[in-house]
Asks: 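Before we start, here is the structure in question, set down as structure tokens.
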Amino acid sequence: MAFVCFEDVMKIYKMGDMTIKASDGVSFEIERGEFAVITGPSGAGKTTVLNMLGGMDACDGGKIIVDDRRVDQLSRKQLVLYRRNDVGFVFQFYNLIQNLTARENVELAAQICKDPMDPEEVLRAVGLQDRMDNFPAGLSGGEQQRVAIARALAKRPKLLLCDEPTGALDYNTGKNILQLLQDTSRRYNMTVIVITHNSAITPIADRVIRFKNGRVQSMERNMHPEDIRNIEW
Amino acid sequence: MSRHTHAFGLGIWRDIRKSLPRFLSIFAIVALGTGFYAGVAATADDMRMTVRDYLREQQLADLQILSPVGLEDEEIRRLQETDGVAQAVGAYSADMLLEVGGQSAVCKLLSYDEQGLNQPYVTEGRLPQAADECVLDNSNFAMQNFKVGDTIRFFSGDDNDTGYYLRQDTFKVVGLVNDPRYLNFQRGSSNIGNGSVSTFAVIPQEAFALEVYTEAYVTLDDTQALQAYTDAYDQAVETFTPAVEAVGEDCIAYRTQKIQQEQSQELNEAERAYNDGLAAYQQQIAEAQRQLEDGEAEYKAGAAALEQAQRDYETGIVQGQRELDEAEEQLLAGQQAYDTGQARYNDGVAQARTLQQGLSQMQMQVQGLQAIPEELRTQEQQALLEQLLAQQTQLQAQYDAAVAELEQAHAELEASAQQLEMAGQQLKTGKTELEQKKTEGQRELAAARQRLAESRTQLDQAQAQLEQTQAEKSQELDQVRQQIEDGRKQLEDLSLGDWYIVDRSQFQGYDSVREDAQRLELIAAVFPVFFLLVALLVCLTTMTRMVEEQRTEIGTYIALGYRSGAVFYKFIIYGASAALLGSVFGTLIGMKLFPIIIINTYKIMHCYPGVAAPYDALVILLVTLVAVGVTTVAALAALVPTMRNQPAQLMRPKAPKEGKRIFLEHIPFLWKRFNFMAKITSRNLFRYKKRMLMTVIGISGCTALIIAGFALRSSINAIIPLQYGEISTYDMMTVYSESDGVMQVLQNSDVVSETLRVYNETVTVDAADQSYQVTVFVPENLENLPQMLRLRRHDTGENLSLVDGSAVINEKLGILTGLSEQDTVHFTDENHQTYTVQISGINEQYAGNTIYMTVGTYQHIFGKSPVYNTVLCTMSDHTQQAKDTLASQLAGQDGFYSVSFSDDLRETFADTMSSMVYVVLIMILMAALLALVVLYNLTNINIGERIREIATLKVLGFKDREVAQYVFRENAVLTLLGAAVGMALGTVLHSFILNTTEPDMVMFYHGISWIEFVWGVGLTVVFSALVSFILYFRLKRIDMVESLKSVE
């Protein structure tokens, strides 16, 4: 069985009399260690999937399986532990704690899990060996996103979920971040799932899942992902 | 404009609906702040108004007039005719005794006149209609002992008969009343009984028998439109007082003249009586003199008669003796003659016997011869016989003659002997008679002499008596003469004294209502203002937060072409409508709720009906203006910097607040010791400085209010064990007058251990702007004093001793008058005499004001010895039974007035103080509410501001508990910090409130114990925890999806 497995997952939002099917029978699979990209236009249901996968939201039907565990059946408390130990999250707006230095932001995550990586080591790994004691406000967007990635990695997650990680970054910085994510996937054999509306970056992924209207439009495996330096958008 | 205003208005309405919790929180905090402020601030005025309305309704006089000679109808008429006097009435009052449970209590009897002033307010039953009906004081004392329908009997407590005061002494109780002259439950002092009035009774004016009114009551034209307890009122009364004084002088002159006339008539009569008396005296003396002279003459005659009698007696005795001697001589001669006769007789008998013998012999011879027959006889014989016979015849004749002779002699002798015997007998009798006569005569003479001596003595006595009577009577007459002369002289310079004119401040409780209101005003100036400030600060924070949250929206509106005014308008309307609604709601409730609660609480100690708690539109308006103003200013303050930005800038997320190193990090020594969470917490604390400050202020305010509240409560309560446990250690106090019985009962009682007699007198001490009733306390000896009363310095606890020549006063009196050791205290007694004494020490004392002095000091100052009227005792048995037994034993004694046990006093005192405690509890409750609302609001804002951060933490896998810790650790620290500041603030607040609220008769304990700090800090922590607990659920509900949203 695949490492990540969605089987006919439903998610319905009720807004007054209207029901919106954010996920309308979503099914896909991602193997362990893959660098997957989920893409599609705004409102296609990408983020909903990410929320459910990240244990931040419950589904209304179907199965969500991560590393042979039924995430959809986890209790609230189990979900907390799932997020804590199994999932790393990288946000579009970094979501760093402004009042903590880069090192402290990483420590914040590290100190709650069982076997964290050394914060300084992770920060060095993301190339921030010189900026560790800076506050987020004193870092550039790319640097902040690196801190965010380091914070996610420090927990040694099974799954690294990234929501539009380059959305707030300029082109080059975005590229660097994607590079970092790809490298991370390779180096730690970590399953990395990136959500983006930018389909231009799909060539670098091991697997590309396209969403449209709350459904998976296509899923393809890329046996020869391109190097990020070679693509442009 | 109108179209988009409509859309805009909808926007505001939607904003309100969408952010209802925030709208409600502004509403609530404004309502709480304004309600508390307006309510408590209005309470002082409402209290005054309640009393003022009551006094107006009951027509309380503006002035009371007492005259040393009472007042006559003429004087009342003169008062009525005085310009500026609205009404003047005469009234009676008298202190009488009534018997309650074996003790006698003083009852002040007041006259009731339907047309008069000072109308009683009926709380039960009705007013008296018939002359034998009365209504009683609606106080505990009266209500515990009497009820409507009872019959009550009054009796005189002084030298006058009950009839001097009252037409009848028994009255039927027809109702219970409050009298506007008594606004609290103090009933004042009295010259009779135990010296203090226990209760009052109102009886119809006609039930009084007094000749003149005891007092007059006056209302003024100028005060009709003025409110009591205002400066204008006080001013009007003060201004008018000289006019009344002038009337008083006229009236006194009138009375003087009248009295002079009356009394000079009396003196003339007395002189006439004197003259009559003098004449009668002189006549009486002359009569007595004459009687005495007659007596003397009689005596002299008696003496002469006695002398004559003596003489007669002596003569009689001599003659009698002579006669007796003669008789005796005769008797002796008779005896001799008899003896001679006897001897002769005896001779004759012997002769006769010889004759008889010769005869016998012849007989025999004859017979012998005769025996010879005649034939035989010789002649001779015959012859012889014849011869013999012849001889015998002759002899016989001789013999017979001798015998006859003898017989005659014998008879004669017999008669003579008989005569002799008779004469002897007579002599004997004569002798006896003479003796008797002698004795009798002597006795009679002695008696006569005695009688004479007695009549001498009588005469002498009569003489002496006359002289004495003369002396006495003339002295008496001289005295009367002198009296009449003195009386004339006194009458010439007769001085009746002056009218004693007093304003309302001498009515019980009138000033205390003023003081209570002033104290309330001061509390209102501290508590609610502080409260309102905190509330408005929180409001400001909330508005600021709202503006920040709506940043993007503001940008949108501006970008859409709305004028910036419109944007201001929107926020101002939001804030202002919350503040307006909150303020109106708060003030409408607060202005009813707080005055009613607080005034009713105060009424535990006061007697006036109802509570006036009107709405004051001006206050509502002002408070609302302030509330709306502050929220508006808050909105503007938050908006103005925001609006300076370009719309595009506004629509971009505001750069999050920069992280900063805090000063603690520069102290590695400390910082390294902090764990990770501690570091984060300290950073966060300093991140939002404004909110931190606000929270600390808010929390410190709550802590301070709670500490002050609790400390105030124990400041009040603590004095009870201090006063009745450490200072006054006697167990019982008996008030009596000139009674040995009371002392005997106490000294013989098994349950009384020690006794100390004390003289207590109430005097007045004048300070700068007020006068105080103070007790002069003179213990009989200093040996037993320490067991009854501990006089000690408050600061060092060092014992103070009383010494001759100076006095010890209590601390509170020192504070009130500003006097300290070595100063001189001046005081005035009931007769308006002023005395001074030097202060040698100031003692710790919590209840009452007292000047302590030795007997020596008292004698020196007052020039007389104290007449003990109080006994303090310690008891070995504190059971109720022992107390009851002792009290009933005492009650039977003459001169006994009252007994009070310290245990009971303690309870009474605690009851009196309880109303203050209730007010304090209201404060504590409000502080608690404030604490909750402030903390809730600020924490809520804190969470709102950091919702992304919290969502992120959740996404990172923080457990609910860990998230809560992350957020609430700050609250905990801020709470502790605020509590620490609050401890200091509370101490200051407590001290301020104590200084402004302390009654004159009481000194509160000014210290704060750790317990109050524990309460203050503890409760604050509990509230903080409670708020955290409530908000924990909000944290739990925060959606992690928030973390994905862009920064607003």
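Each chain gets a letter, A, B and so on, in the order the sequences are listed, and its residues count up from 1.
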Asks: At what distance, to the nearest 0.5 angstrom, does CD of Gln98(A) lie from CZ of Arg948(B)?
Replies: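 These two atoms lie 8.5 Å from each other.
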Asks: What part of Leu96(A) lies closer than 4.5 angstrom to a heavy atom of chain B: side chain, backbone, both or neither?
Replies: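 For Leu96(A), there is no contact with chain B at all, as no heavy atom is under 4.5 Å.
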Asks: Under 4.0 Å between a side-chain nitrogen and a carboxylate oxygen: does that hold for Lys679(B) and Glu107(A)?
Replies: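 Between Glu107(A) and Lys679(B) there is no salt bridge, as every charged N stays at least 4.0 Å from the carboxylate O atoms.
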Asks: Do Thr952(B) and Arg151(A) have side chains that get closer than 4.5 Å, going by heavy atoms?
Replies: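 Touching, per the 4.5 Å side-chain cut-off.
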Asks: Tell me the closest heavy-atom pair linking Leu956(B) and Ile112(A), and the distance in Å.
Replies: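 Answer, listing the atom of Leu956(B) first, then Ile112(A): O-CD1, 3.4 Å.
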Asks: Go through it in stages, so that I can follow the logic: the residues are Lys954(B) and Val80(A), the test is side-chain contact (heavy atoms from CB on, under 4.5 Å), and I'd like the CA-CA distance, side-chain angles, deciding distance and then a yes or no.
Replies: CA-CA 8 Å; Lys954(B) 283 188 161 188; Val80(A) 172; over 6 Å; no
Asks: Under 4.5 Å, counting heavy-atom pairs only, tell me which of Glu104(A), Lys77(A), Glu164(A) racks up the most with chain B.
Replies: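 Answer, by heavy-atom pair count under 4.5 Å with chain B: Glu104(A).
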Asks: Rounded to the nearest 0.5 Å, what separates atom CZ in Phe135(A) from atom CZ in Arg683(B)?
Replies: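 Nearest 0.5 Å value for the CZ-CZ distance: 3.5 Å.
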Asks: Measure distances from Lys155(A) to the heavy atoms of chain B and classify the residue's part below 4.5 Å as side chain, backbone, both or neither.
Replies: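 Side chain only.
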Asks: Less than 4.5 Å to any heavy atom of chain A: does that hold for the side chain of Phe958(B), its backbone, both, or neither?
Replies: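 For Phe958(B), backbone and side chain are both near chain A.
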Asks: Quick one: what part of Thr101(A) sits under 4.5 Å from any heavy atom of chain B, side chain, backbone, both or neither?
Replies: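 Both parts, backbone and side chain.
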Asks: Side chain, backbone, both or neither: which part of Asp133(A) has a non-hydrogen atom closer than 4.5 Å to chain B?
Replies: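 For Asp133(A), heavy atoms of backbone and side chain both lie under 4.5 Å from chain B.
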Asks: Give the C-alpha distance, both sets of side-chain angles, the deciding distance and a yes or no for side-chain contact (heavy atoms from CB on, under 4.5 Å) between Leu108(A) and Leu953(B).
Replies: CA-CA 9 Å; Leu108(A) 181 68; Leu953(B) 291 176; 3.5 Å; yes
Asks: For Asn99(A) versus Ile680(B), what's the shortest heavy-atom pair and its separation?
Replies: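 Shortest heavy-atom contact: ND2-O, 4.4 Å.
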Asks: More than 12 heavy atoms of other residues, nucleotides or ligands under 6.0 Å from CG of Asn213(A): yes or no?
Replies: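 No, the 6.0 Å shell around CG holds no more than 12 heavy atoms from other groups.
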